[in-house]
Amino acid sequence: MKQKVIVYRKVPNDIIENLTSQFEVVYFERLHDGNYQEFLKELQTADGLLGASMKMNQELLEMAPNLKIISNISVGYDNLDLNELRRRGIKATNTPGVLVDTTADTIFGLLLATARRIPELDHYVKNGEWSGTIGESLFGVDVHHKTLGIIGMGSIGRAIAKRGHFGFDMNILYHNRSRKEEIENEFSAEYCELADLLKNSDYVCLMTPYTPETDKMIGERELRLMKRSAIFINGSRGKNVDEQALIKALKEQWILAAGLDVYEQEPIAKENHLLALPNVVTLPHIGSATKETRDKMARLAADNLIAGLTGNVPPNLIK
């Protein structure tokens, strides 16, 4: 009898065909209220899961006694209870590497859009408000030759530093769990304690994974350390920031502006005060959202899944 795989995210057809040649495949392009009970029924006999974002907690795992592997189509895996998975002997994998440049492009684009107020001015033109030379009230701020502080110097942080250093002649500061001399040598970057980075950066870019240690690591104290002219960019996880403190900082102008791709609650609630602030640029968590990259991620996730179900070590096993 073939092992059963549930795919709960839309993926290219050839991936489904490849999986179907080896396993029994149950495919949900997306989960919603209308098919979730069917998903739970299939989960009871599933050997593998391929998808993203679903909270795989103890309650859900109790319904999957045969489960051997969860293959996440993402680099982050804070949706997985790793301790519970290890206790049950269930492998977990992710898709690092293939999304690095795409995500770095997004985050640096968000930085530029926030600095130069591009979404705001786009609406200004389309609403017919442009009637002549604009005044200082609509000016943005420069990016080139400014200081970029990156919190979390992983592969995506490094790619952002590369764009800032070589593309915009920016000074690079970074804070990380450990120093990285290769980063310092390649980009003339300076390692800083978090407080020093916040005090001295014109742009603060948060790129850490979400862990219990990083929960609300940017709060009122940290935001008050930043320059009044500073711009905050969050490309990590929403829970790494105290959102109420950020709203207060933006309203009271402790900092100049913020560019956000992630939020405490996703999708963000319509009544969230961030959406009413003119000095915030908001994206719908699109860091890796290009067709090319999402297809690469899905293929890597499928490779991880196949390896895990055929007795091999998945290429991207989460330790």
Regarding [X] and [Y], does a basic nitrogen lie under 4.0 Å from an acidic carboxylate oxygen?
X	Y	result
Glu38	Lys41	no
Arg224	Glu220	yes
Asp14	Arg299	yes
Arg163	Asp105	yes
Arg158	Glu186	yes
Glu84	Arg88	yes
Asp47	Lys68	yes

Compare all side-chain heavy atoms of [X] with those of [Y] and state whether any distance is below 4.5 angstrom.
X	Y	result
Leu121	Trp130	no
Leu223	Val241	no
Val26	Lys4	yes
Glu243	Tyr263	yes

Can you tell me if Arg117 has over 12 outside heavy atoms packed within less than 6.0 Å of its CZ?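 For Arg117, atom CZ is crowded (more than 12 foreign heavy atoms under 6.0 Å).
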
Is it the case that over 12 heavy atoms from other parts of the model lie below 6.0 angstrom from the CD atom of Glu182?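 Atom CD in Glu182 is crowded, with more than 12 foreign heavy atoms closer than 6.0 Å.
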
Do you know which two heavy atoms are closest between [X] and [Y], and how far apart they sit?
X	Y	result
Leu60	Leu40	CD1-CD2, 3.7 Å
Asp303	Pro315	O-CD, 4.2 Å
Asp261	Ile286	OD1-N, 2.8 Å

Give, for atom OG1 of Thr106 and atom CD1 of Ile233, the distance between the pair rounded to the nearest 0.5 Å. 12.0 Å

Once you round to the nearest 0.5 Å, how far does OG1 of Thr102 lie from NZ of Lys291? 13.0 Å

Does the side chain of Asp142 come under 3.5 Å of the side chain of His145 through a donor N or O and an acceptor N or O? no

Between Asn240 and Asp215, do the side chains contain an N or O donor and an N or O acceptor separated by less than 3.5 Å? no

Are the side chain of Thr214 and the backbone N or O of Thr211 linked by a donor-acceptor pair below 3.5 Å? yes

When the ring planes of Tyr191 and Tyr174 are compared, do they come out parallel, tilted or perpendicular, using 30° and 60° as the limits?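 Plane angle over 60°, so perpendicular.
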
Does the separation of the ring centres of Tyr27 and Tyr8 fall below 6.0 angstrom?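 Tyr27 vs Tyr8: aromatic centres not under 6.0 Å.
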
Using the ring pair (Phe, Tyr, Trp, His ring centres under 6.0 Å) rule, take Phe108 and Phe168 through it: C-alpha gap first, then chi angles, then the decisive distance, then the call. CA-CA 11 Å; Phe108 211 91; Phe168 293 84; 5.0 Å; yes

